[in-house]
Amino acid sequence: MHYDDEELPARKLTGRVGLGVSIVAFLVAVLVLWQVFRPLAKGSQYYLIVFLAGTLPLVFLAYRSRLSKRGGDRPTVPDWLLTGVALVACLYPLAPVRGGYDGFLNRQGLLEPVDVLFGALLLVVVVEACRRTTGLALPIVCLAFLAYGYYGGLLPQDWPIAHAGLDFAQIIDALYNSASGFYGTPLDVAASYIVLFTIYGAVLDLSGASRFFVDLSVAAFRKSRSAAGRTAVAAGFLLGTVSGSGTATTVSVGAVTWPMLRRAGYPAEQAGGMLAAAGVGAILSPPTLGAAAFIVAEYLEVSYLTVLGWAMIPTLLYYLGILLAVEIDVRRFRVRGLVVDAASPWRLLARFGYHFSSLILIVVLLALDVSATRAVVYATLVAFLLSFLDRQARLTPQRLFLALSAGVRGVLPVVAVCAAAGIITATTTKTGLGAQLASLLVSGAQAVTSNPTAVLALTVVLAAVALAILGLAVPVTASFIIGWVIIGPALIVLGVPEPAAAMFVFYYSVLSEVTPPTALAAVGASAITGGRTVPTMWQALKYALPAFLVPIAFVLTSSGSFLLARGSVLEVVWATGVAVLAVAGLAVATGGYVLGIGPANTPSRVLAAVAGLLLLYLEPTTIAIGVATLAAAVLLAAVNRHRSGPTPAEPSVSPTQAAAPGLSTEAPSSTASARGDDPPAEPAGGEPTRPAPPPAPSPSTESAP
């Protein structure tokens with residue numbers, strides 16, 4: 001059962017309830033696809049009301065309340081009551097009474113008591129849906145904003161965050177009958193973009209693409225000494241291009257690559273950290289970035305292709321840091337080399353490489369100025385047609401029904417988060433809180449120093465810490481929305497370009513997925529490896545640490561925008577080259593090893609860390625000093641190795657120790673025996689074989705996407 005990084009485990013619905021949920025989800029998918037080409041005549045907000053009415057009630061059937069041990073996978077009576085309340089509260093604005101939908105809009109600012117009642121009911125069910133899918137943290141944040149909106153007028157009026165105060169009817173009006181509340185930009189993005197990409201991901205997955213990406217990663221590095229680690233990272237990247245979910249990618253990759261990592265000698269916690277870091281890269285990997293990326297495009301009023309362009313170089317730097325850490329660990333801990341007995345990657349590409357077609361099509365259509373919504377629909381259609389090239393993965397009508405319904409099921413947690421985020425954005429808009437908090441953040445930095453450069457640097461550090469802490473409590477999408485309305489204005493006031501400020505907030509929101517103590521991707525990885533959860537989180541943080549510092553380069557200097565591909569080719573190239581050196585220095589500092597030389601002692605690691613920080617400040621003077629410092633760190637490591645003598649020989653491993661599905665040692669032996677529970681290895685040559693997929697579930701069942 002796949003699950004999104006912003007959700008808690010869902011019910012596995014069966015029988016008539018499962019069939020009913022599947023049918024409703026399928027109808028919502030049809031509505032979403034219809035809206036792309038034939039938008040509803042009454043406008044965007046009308047569509048959002050219908051969309052929310054079709055998805056929000058499903059949350060109470062698909063997710064447990066977790067308030068008691070009763071219920072399990074069967075909805076309880078309270079679940080059905082909340083489902084009914086959600087449906088009625090969502091559809092009330094469309095009811096043919098008191099002027100219908102047009103009459104409801106005309107009462108904006110002058111809601112009648114019955115309007116306030118249904119708005120209050122929708123507020124309750126939205127908060128409860130958010131609690132079921134994400135936990136308590138985000139609902140508490142939402143309630144805090146509501147309390148601020150209601151009681152803010154009681155604060156001393158000389159306080160910067162004081163306001164005139166809002167009564168309950170005004171709050172409900174802002175949430176229920178305005179473009180900044182429940183039906184604001186976050187829900188619009190979920191209903192117009194994200195759901196289409198989750199449907200596309202479900203279709204691509206059932207067409208065999210996910211299995212192909214993992215097979216290709218295994219085959220590509222089958223003779224490498226670092227085969228196990230490289231395979232995990234490459235598979236994370238490839239699956240991330242269609243997943244957009246950190247935890248789901250981590251679990252999917254870990255289920256396949258953990259046996260390899262274990263036989264290679266990786267401890268459970270270290271392997272789990274690697275898997276979590278590689279999986280979180282899914283939220284950063286084009287062309288299907290995480291949900292927050294679509295909100296970036298909407299807030300900045302740019303095309304989604306533009307956001308993809310901004311994300312390219314930082315994504316490469318992120319995975320470069322992980323790969324360097326993998327190579328360092330192989331040498332530092334003398335990980336055993338494994339040879340994977342798999343088909344040639346060229347044969348796999350020749351037979352199943354068509355799975356890349358739909359991904360490439362999205363980028364090509366976006367470049368041709370086709371809207372993102374139509375581009376992903378066309379890509380979904382191509383993935384559906386190409387599925388018939390693989391007899392085992394053909395999308396028959398039954399499997400297509402399953403894919404469409406699963407795609408909508410996959411967006412339910414995001415719908416709950418985006419609707420709840422409307423509470424935050426509406427309160428911030430009505431009270432002016434965002435500008436006030438941004439002013440306080442800048443004023444706090446100016447109280448420490450008056451130097452403009454130092455003020456910006458201190459503000460950036462405070463913002464990074466605030467985003468990291470915020471990310472501990474709320475999902476990525478909500479973290480970005482809150483961070484943007486509060487921290488974004490502070491950076492922009494100090495002269496940071498909007499794209500750099502938005503991507504800074506976006507990356508720190510994403511990196512909360514590997515930040516202890518609530519790193520969900522690491523939790524998923526530890527469940528696969530059986531390692532301890534907290535040590536796995538710290539290992540994930542070690543692998544992703546360079547990525548925590550690269551976003552700071554976006555905003556510290558004007559040259560930082562070059563890392564977002566905003567500049568001439570020459571400017572982008574030299575900035576990227578310097579950033580690569582910075583990531584390499586940070587990898588030496590965290591890994592304690594210089595590739596090609598040997599272990600780095602403490603002075604070398606300190607110098608490498610200083611060099612990495614200096615290089616990320618993209619100014620000529622600091623770059624020159626950083627290069628010299630990095631060279632000194634490497635030289636010191638070389639001198640230290642010369643004094644300590646040659647590195648001990650690597651330990652050998654017996655064939656029986658290395659036996660694994662499709663794996664062998666670097667010197668295979670005819671006496672090697674496989675574990676009783678291991679399937680036979682795939683032949684090294686000839687037509688690549690594919691494991692038979694599980695039988696398609698009956699329409700009467702529903703699995704969480």
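Side-chain contact between Leu175 and Leu146: present, with at least one pair of heavy atoms (C-beta onward) separated by less than 4.5 Å. No side-chain heavy atom of Phe51 sits less than 4.5 Å from a side-chain heavy atom of Val408. Between Leu58 and Tyr63, the closest side-chain pair of non-hydrogen atoms is not below 4.5 Å. Between Val59 and Thr55, the closest side-chain pair of non-hydrogen atoms is not below 4.5 Å. Here the side chains of Phe401 and Ser22 are in contact, with some heavy-atom distance below 4.5 Å. Between Leu52 and Leu48 there is no side-chain heavy-atom pair separated by less than 4.5 Å. Looking only at side-chain heavy atoms (C-beta outward), Trp80 and Val17 come within less than 4.5 Å of each other. Between Ile481 and Tyr299, the closest side-chain pair of non-hydrogen atoms falls below 4.5 Å.
Between the CG atom in Asp79 and the CZ atom in Arg64 there is a gap of 10.5 Å [rounded to 0.5 Å]. Note that CD of Gln539 and CD of Glu269 are 7.5 Å apart. Values are rounded to the nearest 0.5 Å. The distance from the OG atom of Ser479 to the CH2 atom of Trp484 is 13.5 Å, given to the nearest 0.5 Å. Remark: Leu82 CG to Leu61 CG distance equals 10.0 Å, nearest 0.5 Å. Note that CD1 of Ile424 and CG of Leu138 are 5.5 Å apart. Values are rounded to the nearest 0.5 Å. The distance from the CD atom of Gln45 to the CG atom of Leu187 is 10.0 Å, given to the nearest 0.5 Å.
By the side chain to side chain donor-acceptor pair (under 3.5 Å) test, Thr315 pairs with no residue at all, sequence neighbours left out. Among residues two or more places apart in sequence or in another chain, the ring pair (Phe, Tyr, Trp, His ring centres under 6.0 Å) test is passed with Tyr176 by Phe104. Contacts of Leu94 classified as side-chain contact (heavy atoms from CB on, under 4.5 Å), with partners at least two apart in sequence or in another chain: Tyr46, Ile49, Val50, Leu91, Tyr101. Residues meeting the ring pair (Phe, Tyr, Trp, His ring centres under 6.0 Å) test with Tyr47, sequence neighbours left out: none. Residues passing the ring pair (Phe, Tyr, Trp, His ring centres under 6.0 Å) test with Phe388, sequence neighbours excluded: Phe384. Among residues two or more places apart in sequence or in another chain, the side chain to side chain donor-acceptor pair (under 3.5 Å) test is passed with Ser180 by Ser178. A search for side chain to side chain donor-acceptor pair (under 3.5 Å) contacts involving Tyr193 returns Glu298, not counting sequence neighbours. With sequence neighbours excluded, no residue satisfies ring pair (Phe, Tyr, Trp, His ring centres under 6.0 Å) with Tyr150. Every salt bridge (Lys or Arg N to Asp or Glu O under 4.0 Å) that Glu128 has, sequence neighbours left out, goes to Arg131, Arg132. With sequence neighbours excluded, the residues satisfying side chain to side chain donor-acceptor pair (under 3.5 Å) with Ser192 are Asp188.
When all heavy atoms of Thr198 and Gly407 are compared, the pair lying nearest together is OG1-O, 2.9 Å. Between Gly483 and Val505, the shortest heavy-atom distance links the atoms C-CG1, 3.9 Å. Closest non-hydrogen pair, Ile295 versus Pro186, comes out as CD1-CA, 4.4 Å. Across Ile362 and Ala379, no two heavy atoms sit closer than the pair CG1-CB, 3.4 Å. Closest heavy-atom contact between Gly279 and Thr250: CA-OG1, 3.3 Å. Across all their heavy atoms, Ala540 and Ala276 have their closest contact at CB-CB, 3.9 Å.
Relative ring orientation between His355 and Phe352 is described as parallel, the plane-to-plane angle staying below 30° on a 0-90° scale split at 30° and 60°.
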Take Ser207 and Leu386 through the test side chain to side chain contact (heavy atoms under 4.5 Å, CB included) and record every step on the way to the result. CA-CA 8 Å; Ser207 70; Leu386 291 177; over 6 Å; no
Checking side chain to side chain donor-acceptor pair (under 3.5 Å) for the pair Tyr266/Thr529: CA distance, chi angles, key distance, verdict? CA-CA 10 Å; Tyr266 282 93; Thr529 65; over 6 Å; no
Take Val414 and Thr133, measure what side chain to side chain contact (heavy atoms under 4.5 Å, CB included) needs, and give me the verdict at the end. CA-CA 9 Å; Val414 180; Thr133 56; over 6 Å; no
Worked verdict on Leu261 versus Leu275 for side chain to side chain contact (heavy atoms under 4.5 Å, CB included): CA-CA 10 Å; Leu261 296 170; Leu275 292 169; 4.1 Å; yes
Working note: Leu56 + Cys90, criterion side chain to side chain contact (heavy atoms under 4.5 Å, CB included); need CA distance, chi angles, decisive distance, verdict. CA-CA 8 Å; Leu56 187 64; Cys90 287; 4.0 Å; yes
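Looking at Arg399, its side chain does come within 3.5 Å of a backbone N or O of Arg394 through a donor-acceptor pair. Remark: side-chain polar atoms of Thr425 are paired, donor with acceptor, to backbone N or O of Gly422 under 3.5 angstrom. The main-chain N or O of Ala268 is never found under 3.5 Å from a side-chain atom of Arg262 such that the two would form a donor-acceptor pair. Side-chain N or O atoms of Tyr318 include one that pairs as donor or acceptor with a backbone N or O of Ala277 at under 3.5 Å.
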Taking only distance into account, with no hydrogens and no angle test, what donor-acceptor pairs under 3.5 Å do side-chain atoms of residues 27-36 form with protein atoms, sequence neighbours excluded?
unit_1: Trp34; atom_1: NE1; unit_2: Arg38; atom_2: O; d: 3.3
unit_1: Gln35; atom_1: OE1; unit_2: Leu40; atom_2: N; d: 3.0

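Among pairs with a residue in residues 373-387, those fulfilling side-chain hydrogen bond (donor to acceptor under 3.5 Å, both in side chains) read Ser371-Thr373, at least two apart in sequence or across chains.
Looking only at atom types and distance, the side chain of Tyr92 has a donor-acceptor partner in the side chain of Asp115 under 3.5 Å away.
In this structure, the ring of Phe213 has its center less than 6.0 angstrom from the ring center of Phe356.
When each of Val195, Val382, Leu381, Leu359 is tested with Tyr200 by the rule side chain to side chain contact (heavy atoms under 4.5 Å, CB included), just one qualifies, namely Leu359.
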